[in-house]
J.: 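First the structure, which I've put down as structure tokens, then a few questions once you've had a look.
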Number of protein chains: 2
Amino acid sequence: METIVPSDAIGWMPSVDQGGASVHNAVVSTLGGRILGGEYAPGAALPREDDLCAMLGVSRTSVREAVKVLSAKGLVEARRRAGVRVLPRDNWRLLDPVVLGWHPAIQDDEELVSGLLEARRIFEPAAAELAARRATAADLAEIERAVDGMRDNIPNDLNAVCQADLAFHKGVIAASHNVVLKGLVGMLEAALRATFLVTNPLMEAQSRALSAHVAVLEAIRVRDTAGARAAMNRLLDIAADDLHAKG
Amino acid sequence: METIVPSDAIGWMPSVDQGGASVHNAVVSTLGGRILGGEYAPGAALPREDDLCAMLGVSRTSVREAVKVLSAKGLVEARRRAGVRVLPRDNWRLLDPVVLGWHPAIQDDEELVSGLLEARRIFEPAAAELAARRATAADLAEIERAVDGMRDNIPNDLNAVCQADLAFHKGVIAASHNVVLKGLVGMLEAALRATFLVTNPLMEAQSRALSAHVAVLEAIRVRDTAGARAAMNRLLDIAADDLHAKG
DNA sequence: ATGAAAGCTTACGTCTTATGTAAATCACCC
DNA sequence: GGGTGATTTACATAAGACGTAAGCTTTCAT
């Protein structure tokens with residue numbers, strides 16, 4: 001079924017700044033950060049609505065809307081008369097990039113960092129294999145542009161390299177054309193950001209990484225499914241090495 | 001790491017009924033269902049807040065809280081003066097069980113069903129392998145209880161079998177002790193529910209499935225990582241067969 | 001006639017106040 | 001001593017007012 005999009009919908013890209021300047025977003029970020037940071041532990045109760053209003057200097061409306069958002073992310077649950085309590089960590093939507101963005105020091109969360117890398121080693125090789133099978137010309141162009149972006153900015157603009165690296169991995173996942181994998185790009189984004197915070201950007205490591213990226217791209221281009229999987233595995237080996245060496 | 005829970009938090013399990021009786025939950029479900037059902041397509045604008053209030057017969061407060069929840073799930077974005085618009089599908093948090101629950105006919109969404117199964121074939125064998133490496137005695141007991149639940153209810157109580165089947169897969173993922181995989185149980189739950197809706201419950205198929213489940217359990221018990229992966233692959237082969245035969 | 005700037009309009013954002021409701025607590029009666 | 005009912009508490013809902021920014025229109029100067 002083709003989805004019909006009104007012509008006036010062009011240009012309606014979702015805004016990027018999730019921590020926008022609005023009052024209720026500020027409250028969401030504040031409370032989310034405190035929960036992710038352990039200030040409000042699972043099982044603990046948040047202050048009463050009225051107290052939160054006084055503490056944060058905002059109206060009850062804003063606090064309530066913020067609690068609704070946190071509740072939608074699985075971080076808290078509000079019950080009549082009993083207050084708002086932090087839910088067990090298993091309920092947190094940790095794959096939601098917004099939630100991960102509230103983590104005050106994601107790179108110090110050992111379980112999370114290793115869990116993210118482990119997950120990447122599970123699904124990224126599979127995504128590369130699917131991409132080798134299904135990538136369209138546009139998908140390939142997108143991945144190639146990311147590789148070019150890495151090459152062009154080594155070793156000058158480190159930030160641009162990280163951004164291109166991220167675009168590469170997002171491109172591969174998009175090329176897999178699998179809805180579930182596409183749902184994980186947010187998680188991947190956070191994982192890479194955490195990695196960039198930890199790994200010392202040595203030029204040698206960067207060039208090694210670049211050649212690994214090129215290998216994945218070429219395997220996808222020639223529809224070599226096994227090769228794409230193997231190349232992505234090598235790429236992740238390198239990433240894991242860097243993480244262990246410098247973490 | 002064991003999470004510390006205040007003593008007064010005992011009994012604070014998250015409530016299961018997400019489509020609860022509250023007004024704003026009703027609005028969320030209604031609008032979420034319409035969006036997932038395609039009534040409001042990506043790029044389209046929802047009616048104005050005031051109009052929604054009139055249409056649904058609720059206050060603006062409830063509508064606004066509902067929009068906040070939908071926004072947190074990535075389904076819509078509200079902008080000043082411009083209204084509330086449905087975001088592109090790639091932004092939807094489809095891995096969120098609540099979002100999947102809004103899908104009016106998940107088993108008819110071909111791309112989604114096949115994508116879910118494909119994702120399961122990526123994650124679940126890996127989860128089984130990790131479980132074989134890390135499962136605690138409690139994890140094993142949980143998985144064994146699920147297998148017993150399947151065996152005891154074949155072929156009488158089909159519903160109980162499905163529930164035990166789900167518990168089995170959740171148990172394996174929990175035993176993997178990977179934070180990302182644990183974030184996918186909601187997705188898995190929806191995938192299995194969709195599968196149960198499609199596959200005709202033949203007794204022969206059930207007994208085949210049961211023996212495959214037992215094989216996974218035994219491999220995990222004896223810490224046979226490769227065997228656990230292989231057994232889970234066989235189990236998913238059977239599931240895929242059933243899906244193709246009956247879908 | 002064209003284009004930019006100023007102002008107007010609109011619809012979401014925020015705050016306030018009032019009232020409803022369920023659940024926890026406590027008191028009272030059996 | 002235990003159970004039932006009144007009370008209290010804190011979240012849930014509603015309604016109204018005002019703020020604000022984004023889109024639209026008008027106007028004026030080039």
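Each chain gets a letter, A, B and so on, in the order the sequences are listed, and its residues count up from 1.
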J.: Do B/R60 side-chain and D/dG16 base share a donor-acceptor contact under 3.5 Å?
T.: no
J.: I need the NZ-C1' distance between A/K68 and D/dA12, as an integer number of Å.
T.: 8 Å
J.: Round to a whole Å and report the spacing from CD of B/E77 to P of C/dG13.
T.: 10 Å
J.: Mind checking whether B/E124 and B/V172 have side chains closer than 4.5 Å, heavy atoms only?
T.: no
J.: Tell me the interatomic distance from B/R79, atom CZ, to C/dA11, atom C1', rounded to whole angstroms.
T.: 14 Å
J.: For the side chain of B/R48, counting heavy atoms from C-beta on, which of C/dT16, C/dC12, D/dT13 is nearest?
T.: C/dC12
J.: Is A/N156 atom CG crowded by more than 12 heavy atoms from other residues, nucleotides or ligands, each under 6.0 Å away?
T.: yes
J.: Between A/R85 and A/E77, does at least one N-O distance fall below 4.0 Å, as a salt bridge requires?
T.: no
J.: In this structure, how many angstroms lie between the C1' atom of C/dA22 and the CD atom of A/E49, rounded?
T.: 14 Å
J.: Distance check needed: C/dC12 P versus B/E65 CD, whole Å only.
T.: 16 Å
J.: In whole Å, I'd like the distance from the CG atom of B/L46 to the P atom of C/dA11.
T.: 14 Å
J.: What's B/R80 touching, base or sugar-phosphate or nothing? Going by heavy atoms closer than 4.0 Å.
T.: base
J.: Side chain of A/S62 only, please: which of C/dG13, D/dA12, C/dC15 is the nearest?
T.: C/dC15
J.: In terms of relative ring orientation, are A/F123 and B/F123 parallel, tilted or perpendicular, with 30° and 60° separating the classes?
T.: tilted
J.: Think B/H24 has a side-chain N or O under 4.0 angstrom from the OP1 or OP2 of D/dT13?
T.: yes
J.: Tell me the interatomic distance from A/R85, atom CZ, to C/dA23, atom P, rounded to whole angstroms.
T.: 15 Å
J.: Given D/dG23, C/dG13, D/dC11, which nucleotide is nearest the side-chain atoms of B/R81?
T.: D/dG23
J.: Kindly say whether B/A72 contributes a backbone atom to a donor-acceptor pair with the side chain of A/K73 at under 3.5 angstrom?
T.: yes
J.: With nearest nucleotides of DNA chain D determined for A/R64 and A/T61 from heavy-atom distances, which residue corresponds to the more 5′ nucleotide?
T.: A/R64
